[in-house]
Amino acid sequence: MRWLLASALLAIVLLLPEVVRQWQHLPAQHTLQERKLVSVRGEPETPGVRDNQRGTVVVPGTSAPLTEAMVQQAVGQRSEHDSSYISVWNWQGLESVTASARGLDKLHHFANSYLVGFQPFETKALWVPLYTLATRKEYQYDHLQYAGLADIWQTSRQAYYQKRGDCEDHAILLADWLINLGIDARVALGTHRGQGHAWVIAIVDDTEYLLEATSKRRQSTWQAMPLAALAEGYEVEFQFNRDYFWAKTTSAPTRRYRGKHWIKKSQFIRG
């Protein structure tokens with residue numbers, strides 16, 4: 001993802017409102033269907049668990065929700081290679097209301113849906129999730145792991161059981177686990193030193209911390225986590241958690257992840 005987002009996040013698949021709106025009045029037979037997630041390379045997931053990524057996106061100021069079926073039909077018109085890019089969606093005249101990405105099941109799902117409420121084990125120590133990622137998961141570019149495809153996302157559960165993954169896979173698992181611990185955690189999308197990247201913002205005691213989910217430094221204390229205001233080289237464009245998707249209201253760079261320069265674009269309703 002590092003090599004992809006720098007040039008592609010905002011432009012390569014930014015779909016015009018008309019492209020999405022043509023799917024607004026789908027007939028009844030095109031309602032969403034739950035699909036079983038399939039791991040690549042035959043690696044096991046939690047036995048008997050089928051994560052539900054199905055859902056709709058509600059956008060304030062619009063007359064109808066954006067559904068996964070609409071997204072999948074629009075993306076289905078592209079080639080396999082093109083559909084592996086992240087899509088940032090406009091809807092009914094509003095820009096950048098949400099994003100979707102292709103999963104291991106080869107279908108596009110809303111970004112929020114990849115945070116499936118998973119935690120590998122219980123812990124009260126906030127540093128443990130990041131430490132676990134550092135010791136368990138290897139970093140690997142998607143195009144090397146998935147036969148040249150640009151960007152494939154893993155759910156938080158898949159990210160734990162898959163041995164390898166890139167920045168958004170690390171960030172999705174870390175954010176979801178922290179949310180389970182009661183932390184306001186979000187996946188941030190943007191660039192780091194000019195290269196496309198995903199990382200985690202955790203808000204603890206009204207303080208914003210920037211967590212580099214791909215770091216393999218084994219920090220065993222929360223106090224070692226950097227303040228977001230002091231983290232250099234990160235240029236954020238979007239944020240999301242299990243429920244909401246945020247976009248900046250200005251093109252100016254920022255190290256603050258809350259405030260008037262952010263707008264909550266949409267809410268994801270699972271199910």
Side-chain angles (χ1 to χ4, degrees), residues 1-17 19-20 57 59-61 66 71 75 82-91 93-102 108-115 141-142 150-153 166-172 174-176 184-203 208-214 226-268:
M1 183 173 182
R2 289 180 182 272
W3 64 275
L4 164 68
L5 275 174
S7 60
L9 180 60
L10 296 179
I12 197 163
V13 287
L14 184 61
L15 301 185
L16 296 175
V19 176
V20 184
V57 165
V59 182
L66 179 58
V71 167
V75 172
D82 289 342
S83 68
S84 68
Y85 290 102
I86 298 172
S87 293
V88 177
W89 297 88
N90 300 342
W91 181 236
L94 299 179
E95 294 185 354
S96 305
V97 299
T98 192
S100 69
R102 188 177 183 182
H108 262 245
H109 304 280
F110 292 118
N112 314 83
S113 75
Y114 286 88
L115 284 73
Y141 292 114
D142 281 346
D151 209 26
I152 305 297
W153 285 23
D166 70 354
C167 54
E168 81 276 350
D169 305 320
H170 284 72
I172 285 168
L174 178 59
D176 210 19
D184 181 356
R186 309 168 184 183
V187 177
L189 299 176
T191 63
H192 178 241
R193 302 193 186 281
Q195 294 185 313
H197 195 40
W199 60 96
V200 172
I201 293 298
I203 303 169
E208 298 173 356
Y209 295 88
L210 190 151
L211 307 184
E212 181 48 74
T214 63
L227 298 175
L230 301 179
E232 297 182 352
Y234 291 86
E235 299 291 346
V236 61
E237 294 294 338
F238 306 108
Q239 305 176 67
F240 66 91
N241 59 17
R242 292 177 189 167
D243 302 307
Y244 299 105
F245 186 89
W246 291 265
K248 282 196 311 179
T249 60
T250 174
S251 59
T254 182
R255 295 184 185 180
R256 294 188 297 116
Y257 292 78
R258 295 171 295 169
K260 294 182 180 179
H261 58 297
W262 286 99
I263 183 171
K264 188 181 290 183
K265 286 283 192 169
S266 62
Q267 181 177 8
F268 176 70

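Only heavy atoms go into these numbers, but all of them, side chains included; no hydrogens, no water, no symmetry mates.
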Flag the pair Trp91 / Lys265 as yes when at least one side-chain heavy-atom distance between them is below 4.5 Å, and no otherwise. no

Looking at every heavy atom in both Asn241 and Ala185, which two are closest together, and how far apart are they? CB-O, 3.6 Å

What I'd like to find out is whether the side chain of Trp246 reaches to under 4.5 Å of the side chain of Ile263, using heavy atoms alone. no

State, with a plain yes or no, whether a side-chain heavy atom of Ile203 is found less than 4.5 Å away from one of Arg186. yes

Point-to-point distance, once rounded to the nearest 0.5 Å, from OG of Ser113 to CD1 of Ile172: 8.5 Å

Please tell me if the side chains of Gln239 and Arg258 come closer than 4.5 Å, counting only heavy atoms from C-beta onward. no

Does a side-chain heavy-atom distance below 4.5 Å link Asp151 with Glu168? yes

Specify the closest pair of heavy atoms between Ala228 and Tyr257, including all atoms of both residues, with the distance to one decimal. CB-CE1, 3.9 Å

Taking the side chain as everything from C-beta on, heavy atoms only, tell me whether Ile152 gets closer than 4.5 Å to Arg102. yes

side-chain contact (heavy atoms from CB on, under 4.5 Å) between Leu210 and Leu227: does it pass, once the steps are laid out? CA-CA 6 Å; Leu210 190 151; Leu227 298 175; over 6 Å; no

Non-hydrogen atoms of Ala198 and Leu189 that approach each other most closely: CB-CD2, 3.8 Å

Could you grab the distance from atom CG of Leu115 to atom CG of Leu174, nearest 0.5 Å is fine? 10.0 Å

Rounded to the nearest 0.5 angstrom, the NE2-SG distance for His197 and Cys167 is 5.5 Å

Relative to the ring of Trp153, is the ring of Phe240 parallel (under 30°), tilted (30 to 60°) or perpendicular (over 60°)? parallel

Can you check whether Ala101's main-chain N or O pairs, donor with acceptor, with Tyr114's side chain at less than 3.5 Å? yes

For the atom pair CG (Asn90) and CD (Glu95), what is the distance rounded to the nearest 0.5 Å? 5.0 Å

Atom of Pro60, atom of Ser266 and distance for their closest heavy-atom approach: CD-CA, 4.3 Å

dist Glu208:CD -> Asp184:CG (nearest 0.5 Å) comes out at 9.0 Å

Please round to the nearest 0.5 Å and tell me the distance separating atom CH2 of Trp262 and atom OG1 of Thr249. 9.0 Å

Quick one: does Arg242's side chain get under 4.5 Å of Asp176's, heavy atoms only? yes

All heavy atoms of Ala213 vs all of His170, minimum pair found to be O-CD2, 3.4 Å

Quick one: closest heavy-atom pair of Ala188 and Val236, and the distance? CB-CG2, 3.9 Å

For the ring pair Phe238 and Phe245, is the centre-to-centre distance below 6.0 Å? yes

List the steps, then state whether side-chain contact (heavy atoms from CB on, under 4.5 Å) holds for Phe268 with Thr98. CA-CA 9 Å; Phe268 176 70; Thr98 192; over 6 Å; no

